[in-house]
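Just so it is clear, the structure is predicted and the values come from calculations on it, not from any experiment. Throughout, protein chains are lettered first and strands after them, A, B, ... in sequence-line order, and every chain is numbered starting at 1.
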Amino acid sequence: FQLFIGWEGVGIMSFLLIGWWYGRTDANTAALQAILYNRIGDIGFIMAMAWFLFNTNTWDLQQIFMLDPNLTNLPLLGLLLAATGKSAQFGLHPWLPSAMEGPTPVSALLHSSTMVVAGVFLLIRFHPLMENNKTIQSLTLCLGAITTLFTAICALTQNDIKKIIAFSTSSQLGLMIVTIGINQPYLAFLHICTHAFFKAMLFMCSGSIIHSLNDEQDIRKMGGLFNAMPFTTTSLIIGSLALTGIPFLTGFYSKDLIIETANTSYTNAWALLMTLIATSLTAVYSTRIIFFALLGQPRFLPLTSINENNPCLINSIKRLLIGSIFAGFFISN
Amino acid sequence: MLKIIIPTIMLMPLTWLSKKNMIWINTTTYSLLISLISLSLLNQPSNNSLNFSLMFFSDPLSAPLLVLTTWLLPLMLMASQHHLSKEPLIRKKLYITMLTMLQTLLIMTFTATELISFYILFEATLVPTLIIITRWGNQTERLNAGLYFLFYTLMGSLPLLVALISIQNLTGSLNFLLIQYWNQALPDSWSNIFLWLACMMAFMVKMPLYGLHLWLPKAHVEAPIAGSMVLAAILLKLGGYGMLRITTMLNPQTSFMAYPFLMLSLWGMIMTSSICLRQTDLKSLIAYSSVSHMALVIVAVLIQTPWSYMGATALMIAHGLTSSMLFCLANSNYERTHSRTMILARGLQTLLPLMAAWWLLASLTNLALPPSINLIGELFVVMSSFSWSNITIILMGTNITITALYSLYMLITTQRGKYTHHINSIKPSFTRENALMALHMTPLLLLSLNPKIILGFTY
């Protein structure tokens with residue numbers, strides 16, 4: 001029950017924060033869209049709660065695991081629906097790109113690291129029940145695989161820097177769901193933790209870029225920031241490298257382990273293939289961001305005041321940067 | 001119980017004898033004091049009902065509703081101050097007298113011991129409400145609204161009179177306390193089917209059930225603010241309360257007689273929620289939302305499980321507070337723009353941020369956000385209907401989604417977006433209005449901390 005309180009609470013907070021600039025109609029519709037998809041997921045959550053109440057007489061996780069009910073198809077399906085809604089999996093995904101109407105720190109916190117992983121976290125919490133249910137595992141696997149491939153392809157064609165990162169988040173979430181599907185909840189949790197670092201940093205960097213270019217979000221109108229904003233550039237490149245799982249940065253410890261486990265486990269070959277393609281696409285769209293935003297000649301107006309002087313911004317990016325590089329090592333050892 | 005009834009009756013001479021500038025202060029203060037007395041009834045030590053006299057009693061089901069009723073009277077008085085400010089003194093006093101009369105009858109209804117007295121008082125509450133709607137309503141449609149209101153309710157409740165008299169003949173007494181012990185199973189025959197229908201229809205119309213709900217949007221929309229508040233908060237709950245009392249006598253027929261009403265309620269819940277999404281009239285939206293929530297209560301009462309009764313009572317109290325608050329908010333809009341159309345008063349968050357905060361809280365509780373008591377009520381009802389039949393969860397889930405959508409749609413349309421250019425001449429929020437909202441919200445929030453009190457007698 002407490003989980004449900006928090007679950008709904010973050011949904012409403014997401015609504016409020018996406019609609020922060022409430023004078024803007026697009027922001028309001030995006031916020032409402034977020035609530036709609038979240039609510040559809042909540043029906044699944046409530047259905048699972050109802051089933052647990054009547055078959056195991058409790059909402060307490062420890063007791064449910066001790067009782068170990070059979071035929072857990074229905075509640076796990078409900079929980080999967082809840083995760084789909086909250087973590088923007090394939091059927092209920094459009095709210096995440098629209099949620100980019102919110103301010104960048106909101107996107108950094110909610111929609112990259114903490115809230116969207118609530119769905120994955122839910123599935124991780126219930127993993128003792130999922131271990132026994134092969135159907136649900138295959139379903140999770142396929143759902144995650146479709147999500148990750150689809151959103152990675154979408155990310156290739158986007159021109160708005162925040163939307164690219166949003167789709168990349170969605171793709172990584174799909175990867176986490178795939179990890180749960182191959183029965184590795186601990187790896188999924190590791191990926192949640194590591195992904196939080198570099199994704200939040202990517203969002204903050206993009207926020208810094210957007211702000212200094214005077215609210216310009218289209219990457220076709222950016223360029224040549226490599227020399228103009230060295231610190232942001234560095235962190236963006238390191239973040240993208242960590243995202244793609246370059247060895248010995250953070251992403252490597254979780255992402256590579258996921259890929260290895262998926263390859264060596266007895267699993268759905270098609271899902272595996274899609275996951276591999278999606279992972280390679282990660283590298284593609286990250287490079288695209290770097291290419292358009294940082295390299296080449298400047299394509300923005302000449303009189304913008306580019307500065308990185310704001311210590312709040314720089315300090316936060318600095319800390320996330322250190323985290324992106326070292327956190328993987330520290331967590332897994 | 002007389003401790004509450006006699007002071008409420010005495011409020012009437014208080015209004016007539018007060019000086020011109022003291023009427024509002026006197027009545028509001030004393031009604032607040034009366035509500036404090038009624039709080040002591042909430043302390044129910046044992047499982048049986050607290051018996052005070054031959055005629056009045058209170059048990060865990062009626063006590064929360066009683067407290068809600070007495071709590072609402074000062075709120076109604078506070079809310080009506082603005083639109084009555086230009087009326088002559090006698091009419092103001094008459095209005096307050098009507099409200100007080102309604103309050104007395106409601107208190108007596110909720111604490112009635114005998115079913116016939118319950119019935120008489122139930123009907124009697126119609127009269128002051130009718131007078132309030134038709135005399136002090138704002139548009140010409142109020143006459144039509146009063147007509148619908150009166151005749152729908154009368155048509156539904158006249159069979160109840162016949163049924164009660166026949167039960168009195170058969171079993172010798174209609175006292176609540178005795179019925180608990182005399183309960184015999186109703187055999188299955190045609191006349192008993194009609195008996196069941198006669199008993200239930202009055203409350204179905206009052207609740208209202210989806211097919212019989214036409215009076216509700218009209219009455220809510222045309223009534224003045226105090227009328228809408230009391231209608232939404234209390235009068236609908238009379239139907240729920242009556243159903244909860246009468247179903248103890250009507251077993252086992254309820255198990256098969258309830259099917260058509262359950263279907264109507266489940267479907268009606270979704271229908272009215274969907275209508276809410278397309279409304280342009282703010283009060284009409286809140287009225288349809290009331291129908292939707294009450295349909296949940298009907299489902300809960302007809303399923304007849306302990307959990308569903310808990311959910312029904314919690315939902316009744318929660319919905320009373322929330323709907324009343326939403327009507328007050330709609331009224332604050334109406335007083336400024338003199339129109340109920342939503343889009344005429346948009347973008348309010350820029351101008352009246354505190355009121356926007358109250359709008360937000362009201363909308364959040366309307367969509368049943370945890371851990372508010374609205375959620376507890378809805379959750380219990382959803383759980384019990386899941387146990388009754390697994391498939392109902394789809395309908396309930398759809399309803400929850402659509403409820404969230406229209407609540408937030410209402411919030412966004414009135415608060416967010418760019419404000420209109422004609423809105424710069426509205427008055428800022430009065431302290432009275434803010435106090436009104438706070439007084440609505442505080443019980444709601446406090447009850448979320450300890451919902452035991454409102455969970456009814458099956459806790």
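- The contact between L375(B) and chain A is made entirely by side chain atoms (from C-beta outward), counting heavy-atom distances below 4.5 Å.
- Heavy atoms closer than 4.5 Å to chain A are found in the backbone of S384(B), but not in its side chain.
- Dense packing is recorded around OH of Y334(B), with more than 12 heavy atoms of other residues, nucleotides or ligands lying under 6.0 Å away.
- The parts of I40(A) that come within reach of chain B are both its backbone and its side chain, each placing non-hydrogen atoms under 4.5 angstrom from that chain.
- Taking CG from L408(B) and CG from L36(A), the interatomic distance works out to 10.5 Å, rounded to the nearest 0.5 Å.
- Atom CD1 of I400(B) sits about 7.0 Å away from atom CD1 of I43(A), to the nearest 0.5 Å.
- Note on V382(B), T403(B), L379(B), L411(B): by heavy-atom pairs under 4.5 Å with chain A, the leading option is L379(B).
- From I46(A), atom CD1 reaches atom CZ of F386(B) across 11.5 Å, with rounding to the nearest 0.5 Å.
- Closest approach of A368(B) to R39(A), counting heavy atoms only: O-NH2, 4.0 Å.
- For T398(B), the part lying under 4.5 angstrom from a heavy atom of chain A is the backbone only.
- No more than 12 heavy atoms of other residues, nucleotides or ligands sit less than 6.0 Å from atom CD1 of I391(B).
- With a threshold of 4.5 angstrom between heavy atoms, L364(B) approaches chain A through side-chain atoms but not through N, CA, C or O.
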